Amino acid sequence: MPTLTLIDGSSYLYRAFHALPPLTNAHGEPTGALFGIVNMLRTTMKAGSDYVAFVCDAPGRTFRDDLYPEYKANRPSMPDDLRAQVEPMMKIVGALGFPILCVPGVEADDVIGTLARQASAAGIHTVISTGDKDFAQLVGTDIILINTMTNTTLDIEGVIGKFGVRPEQIVDYLTLVGDSIDNVPGVEKCGPKTAAKWLAEYPDLDALIANAAKIGGKIGENLRAAIPRLPLSRELVTIRVDVPLDQAPTDLAMRPRDVEALRELYARYDFKAALKELEAGGDSFAAAAASATAAPAPAPAPVVATDVFSGPGEYELVTTEDRLAAWLEKLETAPLIAFDTETTSIDAMRAEVVGVSLAVEPGKACYIPVGHDYPGAPAQLSREHVLGALKPILEDPTRPKVGQHGKYDINVLSHYGIEVRGLAHDTMLESYILNATATRHDMDSLAQRYLGYTTVKYEEVCGKGAKQISFSQVDLDTAGKYAAEDADITLRLHHALWPRLEAEPSLRSVYLDIEIPVVPVLARMERTGVLIDANELRMQSQQLGKRMVELQQKAYAAAGHEFNLDSPKQLQAVLFDELGLPAKVKTPTGQPSTNEEALEALADSHELPRLILDYRGLAKLRSTYTDKLAGIVNPRTGRVHTSYHQGAVATGRISSSDPNLQNIPVRTEEGRRIRQAFVAPPGWRIVAADYSQIELRIMAHLSGDEGLVRAFTEGGDVHRATAAEVFGVAPDDVTTNQRRAAKAINFGLMYGMSAFGLARQLGVDRGEASDYMARYFSRFAGVRAFMDATREQAHQRGYVETLFGRRLYLENLTSRNQALRAGAERAAINAPMQGTAADIIKRAMISVAAWIAPRDDVRLLMQVHDELVLEVREDAVDAVKAGIEAHMSGAATLSVPLQVSVGVGANWDEAH
DNA sequence: GTCGATACGTAC
DNA sequence: GACGTACGTATCGACG
């Protein structure tokens, strides 16, 4: 049977635009969506097709707009960056030889629907390539859907599986659910589940409406209320199959491609590999799609049926000595080895290795199981033997390796005496440096985003929640597919990401000189952990608990009854409804707030707010810190091991979790007692070294403001110096209040604070705060110029950068939403300073780690954004103090000195 | 039981 | 609406 492929161009254009980072070519023209479209065309065409059309929406009104003026009213207009890519997209699609259909007055959906039905009538099989679920209504024995973004196809069975209704019921289903994007109203509170339930009970919408009286509850009322508008919704979601068209399916054959035009377009949009392929006369689709990714190899015929399983590549399960030897031989000559470990735990400190996967070229990977243990599990090579064989390669710094989140594997393998060296690349970090704003850098997301490939998910293999099993319980065939794919995809991702990174010298250098070298440093810190005096913390927990009970009783008395002090909702009822206190502060949802600011404001009117404030302070300390930390000590090491995250903060900072060691209290005396439980072992001392005012110094450097630079070069108290300038007095005559105001201005400026915010912070009126800021800017004009320039650059280029070239793309700068836009501008102001500080301390960590590597009398323990904490043997303290200070202040050369203060003590509190 | 939203609070 | 970046705990209601 001949086939017709219909590509939903508009749907892909939007999806590619939103899924891919805002890539640009050398001229600064946006190219991300183009890249995605070309990738999609390749996947679609790989299947081959007799007839094909690229269908898109033409501008202008359609029958749906006439039917319903609010149709698509919620759709934002097309972003400029996307609009700019439409014309080049059409040129590339045309030059590749695709027939293009844009019919004025008819939506792409209806063109596709009509062609699909015509094809059916002519005995032609149709594949609709789209990401839009609405097309499920067209699915039949000879019409299927394919989504190349998620690598899924949908036939009749698939529709039933996905929606719970048959294809011919999809129109009714969509009518009931509605579509908020297209502004099609459905039945209120009726989602996919309810719609499927009703349509299982009644054959169609008409039958449901006839029986609407029988549906009970609120949802029944909603259904009855919606009945009058359902026919309109139904018409809106129904794809037409009878619009007049000039072309028949059989008119839609591929045309020869226009090599000259393609050459010009590829060159212009920096599709370098595509260009190369074109010159070599190669396959233009594969070449254009992924500048450095080899097209997935067709599934090869199994060599030995039981040893090879199907997948996107040739994956092998290695269970014999011979095959292990063969793979070791491959590793010997591989230019780059992708590796991944499968384990029993997400926590590297507790994980046992269950298997190792390796890939040496795209599509060729293996999984070596060593610890799968379930009834009937086949024989496997021993863990000791396999790891022993891999050790020389993994430890050889001259053998480049690539991982996805390699820090995890480094730590896991270190349990087995393997110190991984030569981690040359990490795809998580490649993605992070290319576009930190893309919130997720996990492998599944990256495969989807950069390869258009849907991976096997961990949950699909091991389940989740209570039903989750250990990877060691997974049968070898399933485990092998999953694990080998991990290594394969890691390698493919690297081939897709590295060329893009390499093409941008500043990003390349942030990645190679900062992010990659910091990986083993963080890995080592996590493994080292920090010694905690758990008994001290348990004692504090008890004391806190006692005081909390007392406060609780007093609070009950003050309120006149018992209530849950931990529930803001109940507290709100007591304060504002029962006691009738005035609500001054509102939460984002409009509720009267019970936060600290609100309670402080009420503390003079009633005794309860103060009791709550005190209670909350203690509750926070106990739940988040004393209880938690005491319970999280690793029994094997006797220490607390945090996880540091390199891909979590958009500005380049490192974050910490499980436990978060970057928000241990310091501001209050009570809070600092927790730091007293972070101790040095006998014979050792805690050394804490922090940068003084690093972000403000960076602001001085980046802005070049003479006054601010001078304040730092002269040394002394920068806030006092600022106050002297702003208030026009001698530094010695600055009052406490003046200094406080100057400090608030200094900090606020770095966060993009307004006069309104400053007024609130200082408790002065807005005019006075405005006055302060005006005086500040007249004295420090360079700072204002720098901020204006940063804002300008952000708008011009869509991103801001740090001193070392790390980029932060800002999504909302062009938002029509005023609040979002203003927020993006503040982030743009802050990112260069916060990000440069992050770059500097990472550089310091790398140089400190290299310096202490040969020593056994000093260990890096923690990083808290502008502070490094170490433990040092007593006899080495003096030498280390001097060395740390030198390495940290030498981590960057700015126009102001980088001042570092170093403290020593028996615990972290004392070391400050 | 699990999950997500909301509120709150700790750090730099 | 009004100060940037994180992570963690508790409550509460929805869901199955």
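Every value quoted in this text rests on a predicted model; they were computed, and no experiment measured them. In the text below, chain A, chain B and the rest are named by the order of the sequence lines, each starting its count at 1.
Between Arg826(A) and the phosphate of dT5(C), there is no side-chain N or O to OP1/OP2 separation shorter than 4.0 Å. Between Ser655(A) and dC7(C) there is a side-chain polar atom (N or O) within less than 4.0 angstrom of OP1 or OP2. Phosphate proximity of dG1(C) to Ser754(A): absent, as no side-chain N or O sits under 4.0 Å from OP1 or OP2. In terms of phosphate contacts, Ser593(A) brings a side-chain nitrogen or oxygen within less than 4.0 Å of OP1 or OP2 of dC8(B). The phosphate of dG8(C) has neither OP1 nor OP2 within less than 4.0 Å of any side-chain N or O from Gln662(A). At the phosphate of dG13(C), OP1 or OP2 sits under 4.0 Å from a side-chain N or O atom of Lys569(A).
Checked options His405(A), His441(A), His645(A); the residue passing with Tyr432(A) is His441(A) (criterion: ring-ring contact (aromatic ring centres under 6.0 Å, His included)).
Side-chain atoms of Arg616(A) and base atoms of dC8(B) include no donor and acceptor less than 3.5 Å apart.
Asn660(A) comes within 4.0 angstrom of sugar-phosphate atoms only, judged by non-hydrogen atoms across all strands, and of no base. At the heavy-atom level, Glu596(A) lies under 4.0 Å from the strands shown only through sugar-phosphate atoms. No contact: Glu867(A) has no heavy atom under 4.0 Å from any strand. Backbone-only contact: Ile664(A) has heavy atoms under 4.0 Å from sugar-phosphate atoms and none from a base. When heavy atoms are screened at a 4.0 angstrom cut-off, Ala837(A) is found touching no nucleic acid atom at all.
With dC8(B), dT11(C), dT5(C) as the candidates, the nucleotide lying closest to the side chain of Gln834(A) is dT5(C). When the nucleotides dC3(C), dA11(B), dC12(C) are ranked by their closest atom to the side chain of Val666(A), dA11(B) comes out on top.
Across all strands shown, nothing is found opposite dC3(C) as a Watson-Crick or G-U wobble partner with both distances under 3.5 Å.
Remark: Arg672(A) engages Glu669(A) in a salt bridge, criterion side-chain N to carboxylate O under 4.0 Å. Salt bridge annotation for Arg653(A)-Glu695(A): present, with a cationic side-chain nitrogen under 4.0 angstrom from a carboxylate oxygen.
Here the side chains of Ile840(A) and Asp866(A) are not in contact, with every heavy-atom distance at 4.5 Å or above.
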